[in-house]
Novice: 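Structure in structure tokens, see below.
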Amino acid sequence: MSYFAELRPKNVSDVVAIVQSARAQRRPLYAYSTGLNWGYGSKAPVVEGCTPVDLSGMNQIVNADKVSITNPVALIEPGVTQAQLYQFLQEKCPGLYFNVCGAASATSLIGNALDRGVGYLGPRRDDLFALEIVTGTGQVLKTGFRRLGESSPLATCHPFGLGPMLDGMFFQSNFGIVTSACFKLLPRPPVQVGVSLALRHESDLGRFIDVLAQLKRERVMGGVTHIGNKARTRSSLMYGVSNYLETQCGMTGAALEAGAAGALAIIAPNEWTSLGGIAGTGRQVRAALAEVKARTGKLARMMVVDDFRLDLGYRVLHPLRFVPWLRANAAAIAAVRPLHGLASGKPTDAPVDNLLWKFGRPDLPAPRLDESNCGMLFISPALPMDGDFVTGFIKAMTSVAREHGHELYITINIETESSMVAVTNLLFDRSVSTELDRAKRCADALYACITAHKLEVYRARADMMGSVVDPYSDYWQTVRHLKSVFDPDNIISPGRYNIAD
Ligand SMILES: Cc1cc2nc3c(=O)[nH]c(=O)nc-3n(C[C@H](O)[C@H](O)[C@H](O)COP(=O)(O)OP(=O)(O)OC[C@H]3O[C@@H](n4cnc5c(N)ncnc54)[C@H](O)[C@@H]3O)c2cc1C
């Protein structure tokens, strides 16, 4: 790929000037918020020759002085990160929190939401409204009631506006560059607990999914319940466990490796384990936990996780770490703590640190993941809420991956009340060209398996847009027509969820 020097606008006027100049020169742009779209292409544009537009310098919480419990909306620019919003709320309004996702603290809220990323409480798409966009003609367009002007009392509170909702046009599209948007904040509930359920028999996966889906529909567990396979669960815990054994138990080398493997065998022995959240008043949470236990008790072993239990468990187990079983559980607590924080709105780098550790670069900070040899390709189908169907389909994907010598890292996310997504990735050493080729072949075969079942991915990698977008289909032709309204010269992110030309 050829690259031009990155452009770094500081405000919306800079973005307008960039777009107008690019249009005059017929030079395509590729805009990103923080560019940490790992597993989907990171900062890579879909077609060659784009000038990168790095929006990370536009990082104001524009209405900082107006955010409050009674006004739970942050008007943010694209460079605002999870860590920044978290810090801001901790200092200014700790009674509010937000839908945090498992990517690093330095990832954006707007870029993630625009690519329809998923947080622990639900799809990020639902968090964003009232966008300000610079279209491919340089027009500044405001959606919802922001069109009435920023001084309108409705500008940042009523998400729908009047007439057709244009917001949806700018998610997973290339119709414009989003320069600010409203992001929903939430009142922090008095009690928040995590619920982990370890499925006893793999053969019960379909029934397990159906029960968890019903708990979601009934809003007993209203967030996104994650059902991880063993590869995913163990890889999420591996770094935390190893780090504990190394720093707290003095293990090194082969003993450390064996100790970590042994600990994982004790704490994560099951093929499928779910993690969900319950929040509310003490009484609501107790009632919901009883309901979950009653419905899943025959299928799974339940564990409730909250800060108090984690602290207590650690205080009891850590001093007894000379006993292998107790040591394994103390290590598990150390590993689970940052992941549990996600459900209560605290961003973490732990999942990325796991990858950096696995690929021998624990020295790198999370935002520099792309400097390691970690190769990652996401290939994540959206799925119907049907346990038997999902189980059969996961088997089909696993067998395709096996034919290519790959293990799949899968989390089945119960994302909406009527559908789910199997967030699935391949991991490989990208410094070895044969490994990269093998992973790409495997990803292509998995995509063929997805489409053969008349399914689709929920989000596409930059390198697969050519397969996803069929230039001859009526649907994508219509999308192209709409694009020409906002960006007649195809200046912005050509080929991204659109016909490349
Ligand atoms: C270990 C790990 C865990 C992860 N966990 C999650 C997770 O829990 N949930 C999740 O959703 N993802 C997850 N990811 C994937 C990914 O890293 C995140 O989605 C991340 O937030 C995307 O990067 P970003 O925020 O920098 O977005 P960007 O890279 O800035 O943008 C994403 C896309 O949107 C477009 N875009 C961005 N900003 C604009 C704009 N202002 N106007 C127009 N278009 C724009 C970009 O062109 C790009 O294609 C994970 C990845 C890893 C490696």
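One-based numbering, in listed order, for ligands and for the atoms of each. Nothing here was measured: the structure is a model prediction, and the numbers come from that model.
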Novice: Ligand 1 versus K43, non-hydrogen atoms closer than 4.0 Å: side chain, backbone, both, neither?
Specialist: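 No part of K43 comes within reach of ligand 1.
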Novice: Decide whether an N or O pair under 3.5 Å exists between V118 and ligand 1.
Specialist: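 Yes: some nitrogen or oxygen of V118 is under 3.5 Å from one in ligand 1.
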Novice: Under 6.0 Å between the ring centres of Y120 and H226?
Specialist: yes
Novice: Could K10 and D14 be called an ion pair, given the rule that one side-chain N must be under 4.0 Å from one carboxylate O?
Specialist: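 Salt bridge flag = no for D14 with K10.
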Novice: Please classify the R124 to ligand 1 contact at 4.0 Å (heavy-atom distances, strictly less than): side chain, backbone, both or neither.
Specialist: neither
Novice: Are E417 and R217 within salt-bridge range, i.e. N to O under 4.0 Å?
Specialist: no
Novice: Can you find an N/O atom of D115 closer than 3.5 Å to an N/O atom of ligand 1?
Specialist: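 There is no such contact.
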Novice: Is the closest basic N to carboxylate O distance between D127 and K184 below 4.0 Å?
Specialist: no
Novice: I'd like to check whether G102 has a polar contact with ligand 1, where a contact means an N/O of the residue lying under 3.5 Å from an N/O of the ligand.
Specialist: yes
Novice: Heavy atom under 4.0 Å from ligand 1: found in L114's side chain, backbone, both, or neither?
Specialist: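 For L114, the contact with ligand 1 is made by the side chain alone.
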Novice: Check this for me - ligand 1, L55, N or O atoms closer than 3.5 angstrom, yes or no?
Specialist: no
Novice: Among protein heavy atoms, which sits nearest to atom 13 (C) of ligand 1, and what does the distance come to when rounded to 0.1 Å?
Specialist: A103 CB, 3.9 Å
Novice: Heavy atoms only, cut-off 4.0 Å: how does T179 contact ligand 1, side chain, backbone, both, or neither?
Specialist: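 Answer for T179: neither.
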Novice: Just let me know how A31 lines up against ligand 1, side chain, backbone, both or neither, with a heavy-atom cut-off below 4.0 Å.
Specialist: backbone
Novice: Applying a strict 4.0 Å limit to heavy atoms, is Y30 in contact with ligand 1?
Specialist: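 It does, in that a heavy atom of Y30 comes within the 4.0 Å cut-off of ligand 1.
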Novice: Are any of the N or O atoms of Y458 closer than 3.5 Å to those of ligand 1?
Specialist: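 No; the residue has no nitrogen or oxygen that sits under 3.5 Å from a nitrogen or oxygen of the ligand.
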Novice: Using a 4.0 Å heavy-atom threshold (strictly under), name the region of Q82 that reaches ligand 1: side chain, backbone, both or neither.
Specialist: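 None of Q82 does.
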Novice: In terms of side-chain geometry, is the basic nitrogen of K142 or E150 positioned less than 4.0 Å from the acidic oxygen of its partner?
Specialist: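 Salt bridge between K142 and E150, a charged N being under 4.0 Å from a carboxylate O: yes.
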Novice: Can an N or O of M376 be found at a distance shorter than 3.5 Å from an N or O of ligand 1?
Specialist: no
Novice: Is the closest N or O pair between Y40 and ligand 1 shorter than 3.5 Å?
Specialist: no
Novice: Would you check whether V352 has a nitrogen or oxygen atom less than 3.5 angstrom from a nitrogen or oxygen atom of ligand 1?
Specialist: no
Novice: Under 4.0 Å between a Lys/Arg side-chain N and an Asp/Glu carboxylate O for R496 and D115?
Specialist: yes
Novice: Check whether Y40 forms a cation-pi arrangement with R461 (NZ or CZ under 6.0 Å from the six-membered ring centre, at most 45° off the ring normal).
Specialist: no
Novice: Ignoring angles and geometry beyond distance, decide whether T34 reaches within less than 3.5 Å of ligand 1 through its nitrogen or oxygen atoms.
Specialist: yes
Novice: Taking the six-membered ring where the residue is Trp, are the ring centres of F486 and F170 under 6.0 Å apart?
Specialist: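 Ring-ring flag for F486/F170: true, centres closer than 6.0 Å.
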Novice: Return the closest protein heavy atom for atom 20 (C) of ligand 1 as residue, atom name and distance.
Specialist: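 Checked against all protein heavy atoms, atom 20 (C) of ligand 1 sits closest to L36 O, 3.6 Å.
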Novice: Report yes or no: does G35 have a heavy atom closer than 4.0 Å to ligand 1?
Specialist: yes
Novice: Using non-hydrogen atoms of the residue, decide whether R116 is closer than 4.0 angstrom to ligand 1.
Specialist: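 Flag not set, R116 not near ligand 1.
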Novice: Within less than 4.0 angstrom of ligand 1, does A106 place any heavy atom?
Specialist: no
